[in-house]
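I have placed the structure first, in the form of structure tokens, so that the comments after it can refer back to it.
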Amino acid sequence: MASSTVTSSQPERPPRPNLAFRQLRGRRSPAEFAALVRRAAREIGERVSCDARYIGRVEAGEIRCPNYAYERVFLHMFPGRTLTDLGFAPRSSVRGRSARTAVETPEASAPDGVPGESGGAGEPYDTQEPHEPPPRSRLRSNRGDPHEKDPLNHEESDVLRRAFMTGGGATMAAATLAPLGLTTGAAAAERPPRRAGTSEATALEEAVRRIRLLDDRHGADGLYRRAAAPLRAAYALLDAGATRQTTADRLHSGAGELAISVGWLAHDSGRFEDARSHYAEALATARMTGDPGLEAHAFCNTAFLARDTGRPREAVRAAQAAQRAAQPLGSARLMSLLALREAGGWAGLADRTGCEQALVRAQTLFERGRSDADPEWMSFYGEAELEGLEAQCWSTLGDWRRASRHARRAAHLQDPHFTRNIALYTAELADDLAREGRPDEAAEAGLRVLSLLDQVQSSRIQGMLAGTARVLLPHRRASGVSEFLDRHASTPRVGKA
């Protein structure tokens with residue numbers, strides 16, 4: 001777009017590098033980051049032709065404030081932040097007037113001496129797109145995306161997405177982030193972070209424990225966006241370095257475990273692509289540092305995610321890889337859980353024999369009992385979880401009677417502390433009973449789950465209840481079914497905020 005050639009009344013000043021934006025790019029190349037900008041734009045219906053050169057000019061300070069299209073994309077990528085937090089100058093200071101003055105025309109309000117996006121250095125305001133946002137119909141036109149065939153648009157490394165899973169200033173995020181001693185605004189980006197010591201490593205480990213505790217009690221939906229802020233802080237600590245190698249090892253392990261925890265929150269709340277990227281992040285960290293425990297955990301969750309997203313063969317392979325990584329660790333309980341992950345994959349492949357063999361192996365390993373080698377993150381794995389996962393296998397295979405028997409045991413055995421799991425197992429029971437042809441018992445179990453939803457927010461559980469409601473709909477006249485359907489229909493759905 002051509003720009004005005006009005007002469008500036010102020011002397012030209014050299015651009016100041018945008019260190020905050022550069023910090024957000026992290027270890028990604030400018031081309032990789034640009035691909036993610038284009039992807040984020042498509043998610044909200046915008047079209048931007050972002051490339052490595054544009055990213056370089058932003059970081060060099062040549063673009064002191066993005067146009068409105070890029071502003072919407074950047075704020076979508078980094079929720080809870082302002083342009084100032086991203087290192088940009090206020091729009092009014094760049095343009096010499098209040099932003100979005102409706103009565104001014106683009107020609108009358110063009111910035112001083114600003115060429116188009118492909119112009120020379122020194123432009124303070126990005127004018128590639130019109131000043132005012134174009135109509136949505138135009139945004140969704142059939143014009144080809146110049147980067148549509150860029151493989152990074154569709155298959156970019158999952159590791160690249162970690163910085164986009166950020167939370168706002170919610171209470172839990174702030175409280176968990178504060179002990180790490182990091183801020184995330186532009187001012188913090190202009191001073192190098194100090195090297196991490198034992199206090200930061202301890203705070204990171206505590207953040208992991210706290211997130212797991214909150215998930216056990218309340219489910220994932222209300223936590224995901226908030227929990228991602230500590231993850232961003234954790235990787236900033238890694239980039240800053242550590243005072244000792246032992247501290248560096250703790251930081252890598254803690255950051256990897258935190259990536260898995262945040263990935264699980266995404267997984268349980270239905271954000272499967274986000275979960276996949278976080279699990280890949282953790283796996284990359286494990287491979288870089290040679291941490292077999294972290295590698296086994298990352299593969300364990302990857303197998304679970306693959307099962308849930310209809311990729312059962314990948315679930316089997318990931319579970320088997322997890323078992324290879326975990327073998328030297330000496331934890332029978334960990335190997336038992338990984339055998340259950342494998343069983344879930346075999347069930348998805350309708351391989352009853354493979355599933356049964358993995359289930360027998362899981363039960364045998366479980367009976368060996370706990371040991372000092374069991375990872376801390378496995379606190380959830382007891383007899384109730386064993387029964388619950390076996391119920392899911394039989395349900396996948398269509399053996400509803402067997403599935404409901406194990407689901408009932410799981411709900412009965414679960415420690416009351418794990419409110420989310422009680423709701424999960426009971427939802428599994430309700431669905432199995434409904435499909436088994438016992439609508440009155442299914443409705444009773446479903447009502448128990450609904451009574452827990454004021455404490456638990458989980459898209460997974462709500463999705464299960466929705467499936468149960470569809471199965472029960474033809475049985476509305478059965479005892480309790482009408483009450484369940486009415487209460488379910490009036491229950492607010494949690495969203496992917």
Side-chain angles (χ1 to χ4, degrees), residues 211-227 261-272 274-275 301 304-305 307-310 340 344 380-382 384-396 400 403-404 406-436 441-473 480-481 483-497:
I211 289 171
R212 288 173 182 160
L213 176 65
L214 290 168
D215 175 50
D216 290 339
R217 291 179 177 173
H218 306 296
D221 284 69
L223 300 176
Y224 172 58
R225 289 297 183 192
R226 306 171 191 176
S261 291
V262 176
W264 165 248
L265 296 177
H267 180 172
D268 195 44
S269 56
R271 301 169 175 90
F272 296 135
D274 292 354
N301 279 44
F304 198 14
L305 177 65
R307 188 209 71 171
D308 282 354
T309 52
L340 283 169
F380 71 93
Y381 185 57
E385 182 75 3
L386 174 70
E387 294 284 349
L389 291 175
E390 183 166 354
Q392 292 173 11
C393 289
W394 294 120
S395 179
T396 302
W400 312 117
S404 63
H406 286 283
R408 194 184 300 277
R409 287 179 190 164
H412 176 72
L413 291 168
Q414 183 60 65
D415 186 322
H417 164 79
F418 292 91
T419 311
R420 180 258 178 201
N421 279 1
I422 293 174
L424 175 68
Y425 302 147
T426 309
E428 175 71 38
L429 173 62
D431 196 63
D432 294 334
L433 289 169
R435 296 175 191 278
E436 188 184 343
E441 295 179 62
E444 181 183 355
L447 287 168
R448 291 202 300 271
V449 179
L450 290 173
S451 68
L452 294 173
L453 292 186
D454 60 337
Q455 305 174 52
V456 176
Q457 293 184 352
S458 170
S459 293
R460 174 191 296 272
I461 293 170
Q462 289 202 347
M464 293 169 70
L465 286 178
T468 302
R470 286 192 293 272
V471 175
L472 290 178
L473 197 57
V481 172
E483 180 185 358
F484 166 72
L485 293 175
D486 291 343
R487 280 191 57 187
H488 176 262
S490 64
T491 300
R493 302 293 187 268
V494 294
K496 298 180 184 181

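None of these values were measured; they are calculated from a predicted model.
- Looking only at side-chain heavy atoms (C-beta outward), V449 and L429 stay at 4.5 Å or farther from each other.
- Applying the salt bridge (Lys or Arg N to Asp or Glu O under 4.0 Å) rule to E385 yields no partners; only residues at least two apart in sequence or on another chain are considered.
- Closest of all the heavy-atom pairs between A384 and A410 is O-CB, 3.4 Å.
- Using a cutoff of 4.0 Å between basic side-chain nitrogens and carboxylate oxygens, R408 and E441 are scored as salt-bridged.
- Remark: D486 engages R476 in a salt bridge (Lys or Arg N to Asp or Glu O under 4.0 Å) (not counting sequence neighbours).
- The CG atom of L340 lies 10.5 Å from the CZ atom of F304; values are rounded to the nearest 0.5 Å.
- Side-chain contact check for L465 versus T491: every heavy-atom pair is 4.5 Å or farther apart.
- The OH atom of Y425 lies 8.0 Å from the CD atom of Q392; values are rounded to the nearest 0.5 Å.
- The backbone N or O of A423 lies less than 3.5 Å from no partner atom in the side chain of T426, so there is not a single donor-acceptor pair.
- Counting all heavy atoms, side chain and backbone alike, A266 lies closest to A275 at CB-N, 3.7 Å.
- For D431, the salt bridge (Lys or Arg N to Asp or Glu O under 4.0 Å) partners are R435, not counting sequence neighbours.
- Minimum interatomic distance between A391 and A407 (heavy atoms only, all atoms of both residues): CB-N, 3.5 Å.
- Side-chain contact between E444 and L433 is absent, with no heavy-atom pair separated by less than 4.5 Å.
- Between the side chains of N301 and H267, no donor N or O sits under 3.5 Å from an acceptor N or O.
- The CZ atom of F380 lies 14.0 Å from the CG atom of D415; values are rounded to the nearest 0.5 Å.
- Distance check: L413 CG to F418 CZ gives 13.0 Å after rounding to the nearest 0.5 Å.
- Looking at every heavy atom in both residues, T468 comes nearest to A434 through CG2-CB, 4.1 Å.
- Closest approach of I422 to P416, counting heavy atoms only: CD1-CA, 3.8 Å.
- Within the 4.5 Å cutoff, the side chain of M464 has heavy atoms near those of the L424 side chain.
- Going from atom CG of L473 over to atom NE2 of H488 covers 11.0 Å, rounded to the nearest 0.5 Å.
- Contact of the E387 side chain with the E428 side chain is not registered, since no non-hydrogen atoms from C-beta on lie closer than 4.5 Å.
- Taking CD of Q462 as the reference point, atom CG of L453 lies at 6.0 Å (rounded to 0.5 Å).
- When all heavy atoms of S404 and E436 are compared, the closest pair comes out as OG-OE1, 3.0 Å.
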